[in-house]
4 protein chains.
Amino acid sequence: MQLAFIGLGAMGFPMARHLAKQHEVIVWNRPHLRPGTLWIDATSGDPNVSRETASRLAAKGVKFVDAPVTGATVGAENATLTIMVGGSAEDFARAEPVLKIVGKTIIHVGPVGAGHAIKVLTNSIMGATVWITSECLLLAKQFGIDLKTALAVTNAGSGRSNASENLLPMRLVDGKWPLIFKLVHHDKDIRIAASIAHQQHASTPLLALTQHLFTAALHQLGDKADYIEVAKVIAEMNGTTWEAS
Amino acid sequence: MQLAFIGLGAMGFPMARHLAKQHEVIVWNRPHLRPGTLWIDATSGDPNVSRETASRLAAKGVKFVDAPVTGATVGAENATLTIMVGGSAEDFARAEPVLKIVGKTIIHVGPVGAGHAIKVLTNSIMGATVWITSECLLLAKQFGIDLKTALAVTNAGSGRSNASENLLPMRLVDGKWPLIFKLVHHDKDIRIAASIAHQQHASTPLLALTQHLFTAALHQLGDKADYIEVAKVIAEMNGTTWEAS
Amino acid sequence: MQLAFIGLGAMGFPMARHLAKQHEVIVWNRPHLRPGTLWIDATSGDPNVSRETASRLAAKGVKFVDAPVTGATVGAENATLTIMVGGSAEDFARAEPVLKIVGKTIIHVGPVGAGHAIKVLTNSIMGATVWITSECLLLAKQFGIDLKTALAVTNAGSGRSNASENLLPMRLVDGKWPLIFKLVHHDKDIRIAASIAHQQHASTPLLALTQHLFTAALHQLGDKADYIEVAKVIAEMNGTTWEAS
Amino acid sequence: MQLAFIGLGAMGFPMARHLAKQHEVIVWNRPHLRPGTLWIDATSGDPNVSRETASRLAAKGVKFVDAPVTGATVGAENATLTIMVGGSAEDFARAEPVLKIVGKTIIHVGPVGAGHAIKVLTNSIMGATVWITSECLLLAKQFGIDLKTALAVTNAGSGRSNASENLLPMRLVDGKWPLIFKLVHHDKDIRIAASIAHQQHASTPLLALTQHLFTAALHQLGDKADYIEVAKVIAEMNGTTWEAS
């Protein structure tokens, strides 16, 4: 099969390399958009934009699925990405064998846009969980509880999450704040989730407050900050830091 | 050693039974409060009240540790409870061998009140996580994503938590809403966490909003509701239900 | 001058009548959209939509100003409306003499969309003020303070607002809940304000929470409710009513 | 009558001067606390503390009313203060003629603590109104609407309040930020209001969020800031300032 691939960045390059082992991968240009083409959008995007794109492409006989990936660059290297696909059953069936070359778990989550939607929604859950866990850990610290102990208890019990197990210990206990995922991108995801809520005329107060707190943190920390650095803003809002006192 | 035990309920009875195998367990009455006695408070309580109690008891030469437990009735039966202890190092050393009889993991978390504090704080993290996860799953459902799929994707990725893995699938996918932990008790825990924040002059907006949403849900659902039923209130706030449409 | 007028409702009919005294007012149809025409949009709308409309009309040589009105039907009858105009200085100059016939205070607030923007923003301030005032009055009531007294003190002091002076006394003290302005319209205004914030990448947590609380109230009260009935929802969230106890 | 007066500050000194024209005003000391004495607490305080104080004094046969004042130092100078009194009808009858010497409007608002309660509640309404009005004015400004115009429109319409009429124009339009009322005191009032809500097991999400935003602003601005300077924090949360652009 002939595949056109756009976007050879940190994620895209290894993905394209895997594809090139089994298919002819070419540089994309507009003549390729002939009827019957399947457009696979593996970026992170706005599901409402995806729907509009799909609708515009459909007028030209071009099919569209959104297929955002998770698993970080290591997952792209090892072809172990998880890929969430939005689109018709028929288009998913066409996309699946191609996506299996670059990813391990390929899930058909729903209609066009559903891949983008579920990605920003789960990232928003993570964002809110990072924030509430940081608030409560700060209260624990100020009560005189050692942060390492507070995290151990949290992870042994009901408050356990990806945030408490994998994201916060390195920062709050070890004081290491690597740049893993830019806050500006996380804020974008949560803002897309908020716009899904708006579109649905939904009442989601906790998501809304999370979004506005992340946006304020972004304005304060700037475009180069890592997303977990919001925990620093939480400490500042309380006139303190995460340093051991 | 002679032990006095108060509170033979669903949790207390098996705990007392384990203790009675190794110690003389007696019915408590006030003459027992002689100097040197160690008071172990295994209930869920307000850490500020614990501090006041400890201070009052100290005047009589009585020592105090707070030692709330987690692990549910099955943990009490099998003596596999996790117990978080607040108190001095010396008093913890006296309490530990006794607590090892009824629990598996005994953690010294900090000064008097710290056991009670960390318990309500981790329960508050759980409460907020239940709420934000429900909000985002409802948006996913209304976008046309199957709830089972949405939960599977969440649990395979960044938004994973105790709430998404263990608490929500049974209710939202299987439609089973058992009474595990009363909302009135969970609301009490979150309100105690909010009062810790108040005491510390803290700014914790997400915890605050979570508390007021839970309290509103409690006023709406009544004293007999299970804590996960807040998800029903979230659906009502959006003019819908969790039923498959 | 020849004027085309669309929308002869409760507001539009008296407005058109005033215009007809000085100008030829005709039924509108598409041939009227010739270059040089000035389109005056006196409805309540989304400022971003206004900008798109203005842009589309500009391509045809048609000018556009948004000119939403306040002052209720009585103001339309008496030609005492306040009109907030968004558009270029030149277009405002053309619109002003026409608008003076139907309104008393004509304000040029800014570029295209600014009229619509300032209208939904001030309505959002009002919405939030109604909500916070109701919350605090409910606390006063539950403390044992007579509502009439609580409102009198509020209006004699720092917490005074249009909400406390004109909107709440009739409902909370006299128990009269007339339908003045539908909640479904007020919710729409606040949601437009929220979308302005989204568009600007703004952090406005209080506006966001207000919007989500109003939307939840709308889902609960239904499309026929008056906007001040949100105060009833606040009482329900607290397991009580506004009735004297 | 013999009156004992404590607290000769900016407010107290002119108040005591007015009283001294008609009564013997003495320096207070504990022997004055004889049965039958009426204790008038004109400070701003926590209504729950007032109730405890009243209860303690009652045991000694001493009566208590809380009577916080509003009207600023100019009101104290001119004896035009508004005074909100909490206490029994009988005790109010005794306090009223004395309070009439220092104030103009003396209102019996309810039982002991009601004076303190209504004061912090109305101040909280003001705080929330300052915040939401600032948020919406910032959105207006960023939309291209002149702040002076935005305030004029707000004050001509539905969003009008003490905040928009008297507090914000001087700061946002004229750029003058005088120290009128310390943020640390306003934050204290809102925190007392939040504790009333807590005491009542109330759900007041907008008050709660307002409190946590004010507390964060206080931690950021410090103890010397004026309460309206929270508007500066709102601008910072949006990566901008109130300066004309």
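What you are looking at is a predicted structure, and each value in this text was computed from that prediction instead of being measured. A, B, ... follow the sequence lines: proteins, then strands. Residue 1 opens every chain.
Taking non-hydrogen atoms and a 4.5 Å limit, the residue list of residues 169-206 of chain C in contact with chain B is empty.
Leu218(C) does not touch chain B: none of its heavy atoms, backbone or side chain, sits under 4.5 Å away. For Thr240(C), no part lies near chain B; criterion is any non-hydrogen pair under 4.5 Å.
Taking CD of Gln220(B) as the start and CD of Glu236(C) as the end, the distance is 7.5 Å to the nearest 0.5 Å.
Heavy atoms only, all atoms of each residue included: His219(B) and Met237(C) are closest at CD2-O, 3.1 Å.
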